[in-house]
**Student:** 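Below: one structure in structure tokens.
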Number of protein chains: 2
Amino acid sequence: MKKLRREIIELLKAGNCTPRISTIASKLHSRSSTIHYNIKQLEKESAIRSYRAVFDYKKIDEGFCSFVLISLASGSYKDPDKIAEILSKYPQVESVDIITGRWELIIKVRTANMDEYYEFAKNLVAIGGVDKTETLNSIRQVKSEFTRAIN
Amino acid sequence: MKKLRREIIELLKAGNCTPRISTIASKLHSRSSTIHYNIKQLEKESAIRSYRAVFDYKKIDEGFCSFVLISLASGSYKDPDKIAEILSKYPQVESVDIITGRWELIIKVRTANMDEYYEFAKNLVAIGGVDKTETLNSIRQVKSEFTRAIN
DNA sequence: TTAAAAGTTTGAATATAATTCAAATCATGA
DNA sequence: TCATGATTTGAATTATATTCAAACTTTTAA
């Protein structure tokens, strides 16, 4: 992919988008200035965090998606936050949740392919405090947090 | 929450946003018309699917988040796609992935609170073909799809 | 119950930004 | 090298966001 396109994608992932006030206004049969005011309020109370693009990940070389369940070694058991912080730093890691039950963490990872995933996974074991992991590879994303698949 | 705000949020979840071309142009030391052209290309090849808002889910009454691992009864085992389709329809279901391993599906569910989650979970067992489920409740989202706040 | 305050809507004016397009430039492969 | 398609550019145009004071509505507290 062209360098410029990749750079644009990275900026669109991080935000750099904005609401279509007039479109929303007409869909809700309201005035632009009203919608503008209400959106600014939602932003002010941080209910809206940002605006970003949604991608077809296969088309931007991030087609391989896995969920990794992680249980921590007893030493760091008391502080899953720290491990979570470390994991959050990786660009391949889309989400990190601390959870109840048999596992302490679940992370969602996106890479171009299995090889790249394997490269990433090596980091996981290298992080001290990680005891066991179980990887669930997504073979089809039927719905993602952003949009439904159009088959 | 005000009805209008809720309606705005629903529209912002579904899209109704647009890239900030001039911001991107200046960040990349490029011209607006160049960025415009390249973004249109990305849209044309469907690499970009849409633009939408990212929320602080606690602030929009969707603060309770769970991952549900699902294994299917042997009858429908051959067609997890169908169950996945059904699950995708629920607005509480943020993502549906068909996965490899001990489970067939993993879904991410957002509700206002545990009670609402329980109401939703009753639907799960009612769907024929679902054998076992295991729920992982997120007690803290350390990282989610968003990374940056509003400019 | 009522008056004041706080919050919201409105329309018109203004400021910004997106879009268009033809010409120029660049990249590619025959 | 030439020819073709892809990309970039700048200027002109169009569309949209933003601002703001006034009107209106809802909430608060006395």
Side-chain angles (χ1 to χ4, degrees), chain A residues 1-63 112-113 146-147 150, chain B residues 1-63 112-113 145-151:
Chain A
M1 182 180 304
K2 271 182 56 185
K3 185 163 159 281
L4 179 61
R5 298 248 166 107
R6 190 74 233 172
E7 289 169 336
I8 290 172
I9 286 170
E10 290 309 315
L11 289 178
L12 290 176
K13 254 191 214 175
N16 297 292
C17 296
T18 192
R20 285 178 173 285
I21 290 176
S22 66
T23 305
I24 292 169
S26 73
K27 285 188 182 180
L28 299 181
H29 307 292
S30 189
R31 315 296 166 144
S32 278
S33 45
T34 304
I35 298 302
H36 183 268
Y37 171 79
N38 280 280
I39 287 181
K40 288 302 156 204
Q41 291 303 109
L42 287 165
E43 290 174 359
K44 208 176 286 173
E45 29 183 89
S46 306
I48 298 172
R49 296 279 304 264
S50 71
Y51 305 93
R52 54 156 290 179
V54 176
F55 303 95
D56 182 332
Y57 290 100
K58 285 195 209 111
K59 299 223 170 109
I60 62 166
D61 289 319
E62 298 180 26
N113 49 50
F146 305 120
T147 47
I150 338 164
Chain B
M1 182 179 304
K2 270 182 56 186
K3 185 163 159 281
L4 179 61
R5 298 247 167 108
R6 189 75 234 173
E7 289 169 338
I8 290 172
I9 287 170
E10 290 310 314
L11 288 178
L12 291 175
K13 254 190 212 177
N16 297 292
C17 297
T18 193
R20 285 179 175 285
I21 290 177
S22 65
T23 305
I24 292 170
S26 74
K27 285 188 181 179
L28 298 181
H29 305 292
S30 189
R31 312 299 164 140
S32 278
S33 45
T34 304
I35 299 302
H36 183 267
Y37 172 80
N38 280 280
I39 287 181
K40 289 301 157 203
Q41 290 304 112
L42 287 165
E43 291 174 0
K44 208 176 286 175
E45 30 183 88
S46 305
I48 297 172
R49 296 276 302 264
S50 71
Y51 306 93
R52 57 154 286 179
V54 174
F55 303 94
D56 182 332
Y57 291 99
K58 283 195 211 114
K59 300 225 170 106
I60 62 166
D61 289 320
E62 297 180 25
N113 50 50
E145 69 275 11
F146 53 74
T147 37
R148 185 183 306 173
I150 292 159
N151 314 316

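The chains referred to below are lettered A, B, ... by the order of the sequence lines, with proteins before strands, and numbering in each begins at 1.
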**Student:** Within a radius of less than 6.0 Å around NZ of B:K2, do more than 12 heavy atoms belonging to other residues, nucleotides or ligands occur?
**Tutor:** yes
**Student:** Rounded to whole Å, please give me the gap between NE2 in A:H36 and C1' in C:dT16.
**Tutor:** 12 Å
**Student:** Testing the basics here: between A:F55 and B:R49, what is the closest heavy-atom pair and its distance to 0.1 Å?
**Tutor:** C-CG, 3.6 Å
**Student:** For a side-chain contact (heavy atoms from CB on, under 4.5 Å) check, start with the C-alpha distance between A:I39 and A:I24, then their side-chain angles and the critical distance, and finish with the verdict.
**Tutor:** CA-CA 10 Å; A:I39 287 181; A:I24 292 169; 4.2 Å; yes
**Student:** What is the 5' to 3' range of DNA chain D, first to last nucleotide, that sits under 4.0 Å from any heavy atom of chain A?
**Tutor:** D:dT7 to D:dT19
**Student:** Evaluate B:R6 against B:I60 for side-chain contact (heavy atoms from CB on, under 4.5 Å), listing each step before the verdict.
**Tutor:** CA-CA 8 Å; B:R6 189 75 234 173; B:I60 62 166; 4.2 Å; yes
**Student:** Measure from CZ on A:R20 to C1' on C:dA17 and round the result to the nearest Å.
**Tutor:** 13 Å
**Student:** Do any N or O atoms from the side chain of B:N16 and from the backbone of B:L12 form a donor-acceptor pair under 3.5 angstrom?
**Tutor:** no
**Student:** According to a strict under-4.0 Å criterion, is B:K2 in side-chain N/O contact with OP1 or OP2 of C:dT9?
**Tutor:** yes
**Student:** Identify, between B:S33 and A:S33, the residue whose nearest nucleotide on DNA chain D lies closer to the 5' end.
**Tutor:** B:S33
**Student:** Rounded off to whole Å, could you give me the CD1-to-C1' distance for the A:I21 and C:dT10 pair?
**Tutor:** 15 Å
**Student:** Check B:Y51 against A:C17 and note the closest heavy-atom contact, atom names and distance.
**Tutor:** CD2-SG, 3.6 Å
**Student:** Whole Å only: how far is the CD1 atom of A:I39 from the P atom of C:dT9?
**Tutor:** 12 Å
**Student:** Could you tell me the separation between the OH atom of B:Y37 and the P atom of C:dC26, rounded to a whole number of Å?
**Tutor:** 15 Å
**Student:** Looking at every heavy atom in both B:S46 and A:D56, which two are closest together, and how far apart are they?
**Tutor:** O-CB, 3.2 Å
**Student:** For B:S22, answer base if it contacts any base atom (sugar-phosphate contacts may also be present), sugar-phosphate if it contacts only those atoms, and nothing otherwise; contact means non-hydrogen atoms under 4.0 Å.
**Tutor:** sugar-phosphate
**Student:** Could you tell me how far apart B:L4 (CG) and C:dT10 (C1') are, to the nearest whole angstrom?
**Tutor:** 13 Å
**Student:** Among the nucleotides C:dT19, C:dT8, C:dT10, which one has an atom lying closest to any side-chain atom of B:R5?
**Tutor:** C:dT8
**Student:** Between B:P19 and A:N38, which residue's closest nucleotide on DNA chain C lies nearer the 5′ terminus?
**Tutor:** A:N38
